[in-house]
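Before any comments, here is the structure.
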Amino acid sequence: MDKQVIYLDNNATTAVAPEVFTAMQPYFCERYGNPSSIHRFGGSVAADIEKARCQVAELLGAGFRDKEGHATEIIFTSCGTESDNAAINAALNALPERKKIVTTAVEHPAVLHYCEELSRRGFTVELIGVDRNGRLDMAALQNAVDENTAIVSAMWGNNETGVIFPVAEIAAIAHARGAYFHTDAVQAAGKVEINVEKAGIDFLSLSGHKLHAPKGVGALYVRRGIIFSPLICGGHQERNRRGGTENTASIIGLGKACEIAKANLAEEYRNLKQMRDAFEARLLQSIPRICINGASEDRLPGTSSVSFECIEGESILMLLDVLGICASSGSACTTGSLEPSHVLRAMGVPYSSAHGTIRFSLSRYNTPDELDFVAEKLPPIIARLREISPYWEENSNGK
Ligand code: PLP
């Protein structure tokens with residue numbers, strides 16, 4: 001990697017781990033057979049895919065194995081988005097008399113935009129809100145889930161703030177009304193302990209490129225016994241649940257990434273949280289009028305969403321970029337105007353803060369020195385931008 005870069009945008013995507021890259025390499029030019037082939041050259045690749053399936057299942061605490069020892073509850077997909085779409089689609093098909101989806105206002109567009117599409121097709125979609133700390137309104141959820149609800153979809157950990165939802169409780173509410181429960185664990189997988197069986201999960205989505213596997217591969221956990229209708233129809237791959245020749249190298253990479261994540265979970269959690277907490281403490285000490293979004297909640301260990309009052313996030317990002325520091329903002333540039341993200345809006349973060357929100361997201365490859373460097377560079381950047389900000393002038397009263 002470019003030595004000049006300090007990469008703090010790991011919720012956007014991560015570097016492929018060197019061990020993952022090594023595990024993938026033989027599958028390009030040597031072991032390139034089609035896993036569906038009858039000959040052994042291809043067939044042996046199918047066996048490796050089954051091994052990767054078990055590695056994914058182990059990360060998720062999905063203990064079921066069929067007679068051949070295969071973790072059949074895992075389906076390989078192309079990405080987290082496909083997994084999210086496929087889960088919701090399957091639940092609606094499995095319970096065709098039910099026409100309602102209950103989800104949250106802070107989901108990723110992979111869920112929200114698919115739900116918008118489903119509402120255009122006649123389904124009812126109910127969005128549950130969060131409070132100022134990003135905590136889900138559980139009473140509203142209880143009221144929303146009814147006998148017409150096919151599926152409740154709530155993310156495990158939020159991609160912008162890192163706030164973790166009480167998925168086991170949400171699953172229990174869904175099940176009490178006979179609905180399925182799906183969780184988008186794209187940001188949580190590999191970062192916090194997941195046990196789909198203990199948590200009562202029916203469907204769980206994850207994505208390779210968020211946990212040091214490559215882009216273009218994902219997985220969907222589907223609890224055994226659920227009648228699953230595929231989103232992508234074609235060949236017999238993935239036990240007729242996802243058509244398309246397998247992305248073998250990436251699947252092997254995803255399996256390896258899950259194995260590494262599981263082996264180092266506790267240690268990595270500790271390290272990331274320690275670095276993140278120390279970084280936040282330093283910012284709070286050295287910069288006035290900032291807020292850490294979701295700070296009071298249980299959060300993913302490496303995610304920090306910081307709102308700097310009265311300045312534009314994009315300006316901060318540009319000045320950080322000059323120093324080789326990569327982060328992202330809490331705004332989405334839509335139709336030319338910089339709208340604060342739907343997550344920050346749902347949390348009721350005031351506009352003056354939401355506009356100046358930066359997400360720093362860490363990985364195992366970051367070091368305390370890198371974070372010290374960023375914490376040292378930020379105060380003068382913020383001071384400089386506030387000096388030229390008309391909003392700061394209006395709001396600061398000289399403070
Ligand atoms: N869900 C969450 C919470 C995400 O953060 C993302 C990606 O940012 C996705 C889904 C989509 O994953 P993918 O990029 O693999 O489609």
Side-chain angles (χ1 to χ4, degrees), residues 1-2 5 7-36 42 44-60 71 74-86 108-110 156-157 159 184-191 194 204-221 231-232 237-238 241-265 268 272 300 302-303 326 328 361-366:
M1 191 167 85
D2 186 347
V5 166
Y7 187 74
L8 299 179
D9 201 12
N10 288 280
N11 287 12
T13 198
T14 60
V16 171
E19 308 90 314
V20 168
F21 187 51
T22 303
M24 291 171 65
Q25 272 168 334
Y27 295 88
F28 289 100
C29 301
E30 297 151 41
R31 309 199 56 207
Y32 53 82
N34 188 322
S36 301
S44 67
V45 173
D48 298 345
I49 288 181
E50 291 313 319
K51 181 179 165 207
R53 205 183 301 284
C54 283
Q55 289 166 317
V56 175
E58 274 159 29
L59 179 67
L60 303 179
I74 305 298
I75 302 173
F76 288 112
T77 65
S78 68
C79 58
T81 302
E82 183 191 329
S83 298
D84 285 344
N85 282 219
H108 189 271
W156 198 297
N159 46 301
D184 175 339
V186 164
Q187 294 293 348
K191 294 185 195 133
I194 289 181
L204 177 144
S205 305
L206 65 80
S207 174
H209 73 108
K210 309 290 186 180
L211 75 160
H212 304 292
K215 297 163 188 64
V217 66
L220 176 63
Y221 161 85
L231 183 69
I232 296 181
Q237 293 89 357
E238 297 298 288
R241 294 176 300 177
R242 201 275 182 183
T245 300
E246 295 87 342
N247 180 359
T248 310
S250 295
I251 288 172
I252 302 300
L254 177 57
K256 186 71 187 172
C258 288
E259 182 191 271
I260 296 170
K262 184 174 164 62
N264 302 302
L265 198 74
E268 223 163 77
L272 289 177
L300 299 173
T303 302
C326 310
S328 63
S361 48
L362 284 50
S363 83
R364 69 174 73 124
Y365 299 120
N366 290 121

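Both backbone and side-chain heavy atoms feed into the values below; hydrogens, waters and symmetry mates do not.
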Inset, instruction - Spell out, as yes or no, whether a donor-acceptor pair under 3.5 Å connects the side chain of Asn247 to the backbone of Gly216. - result: yes

Inset, instruction - Could you check Asn85, Asp84, Thr81, Thr77 and say which one makes a side-chain hydrogen bond (donor to acceptor under 3.5 Å, both in side chains) with Ser205? - result: Asp84

Inset, instruction - Could you tell me which residues satisfy side chain to side chain donor-acceptor pair (under 3.5 Å) with Thr13, sequence neighbours excluded, listed by chain and number? - result: His209, Lys215

Legend entry - 4.5 Å side-chain heavy-atom contact, Gln187 and Thr303: no

Legend entry - Full working for side chain to side chain contact (heavy atoms under 4.5 Å, CB included) between Thr248 and Ile49: CA-CA 7 Å; Thr248 310; Ile49 288 181; 4.3 Å; yes

Legend entry - Minimum heavy-atom distance Glu246-Pro35, with the two atoms named: OE1-CG, 3.4 Å

Legend entry - Side-chain touch Glu259/Glu58, heavy atoms, less than 4.5 angstrom: no

Legend entry - Minimum side-chain heavy-atom gap Arg241-Leu220 below 4.5 Å: no

Inset, instruction - Would you give the length of the straight line joining atom CG of Leu272 to atom CG of Asn10, rounded to the nearest 0.5 angstrom? - result: 8.5 Å

Inset, instruction - With the side chain counted from C-beta on, respond yes when Val186 and Asn159 share a heavy-atom pair under 4.5 Å apart, and no when they do not. - result: no

Inset, instruction - Check whether any side-chain heavy atom of Leu211 sits under 4.5 Å from a side-chain heavy atom of Cys258, and report yes or no. - result: yes

Inset, instruction - Return the minimal non-hydrogen interatomic distance between Ser78 and Arg242, and the atom names on each side. - result: CB-NH2, 3.5 Å

Legend entry - Minimum heavy-atom distance Asp9-Ser328, with the two atoms named: OD1-OG, 3.3 Å

Inset, instruction - Identify the heavy atoms of Phe21 and Val16 that sit nearest to each other, and give their distance. - result: N-CG1, 3.9 Å

Legend entry - For the student: nearest non-hydrogen atoms of Ile74 and Ala219, plus distance: CG2-CB, 4.1 Å

Inset, instruction - Grab the two heavy atoms, one from His212 and one from Ala15, that are nearest each other, plus how far apart they are. - result: ND1-O, 2.8 Å

Legend entry - CG on Leu254 to CE on Met24, rounded to 0.5 Å: 10.0 Å

Legend entry - Verdict with supporting geometry, Asp184 and His108, side chain to side chain contact (heavy atoms under 4.5 Å, CB included): CA-CA 8 Å; Asp184 175 339; His108 189 271; 4.1 Å; yes

Legend entry - Heavy-atom check, side chain of Leu206 versus side chain of Leu60, under 4.5 Å: yes

Inset, instruction - Would you give the length of the straight line joining atom CG of Asn366 to atom CG of Leu8, rounded to the nearest 0.5 angstrom? - result: 5.0 Å

Legend entry - Expected output: side-chain Lys210 to main-chain Ala12 donor-acceptor under 3.5 Å: yes

Legend entry - Side-chain heavy atoms of Lys191 within contact of Asn11, under 4.5 Å: yes

Inset, instruction - Would you mind reporting whether Tyr365 and Thr14 have side-chain heavy atoms less than 4.5 Å apart? - result: no

Inset, instruction - Rounded to the nearest 0.5 Å, what's the gap from CD1 on Ile194 to CH2 on Trp156? Could you check? - result: 4.5 Å

Inset, instruction - Nearest 0.5 Å please: distance from the CD1 atom of Ile260 over to the CD atom of Gln55. - result: 9.0 Å

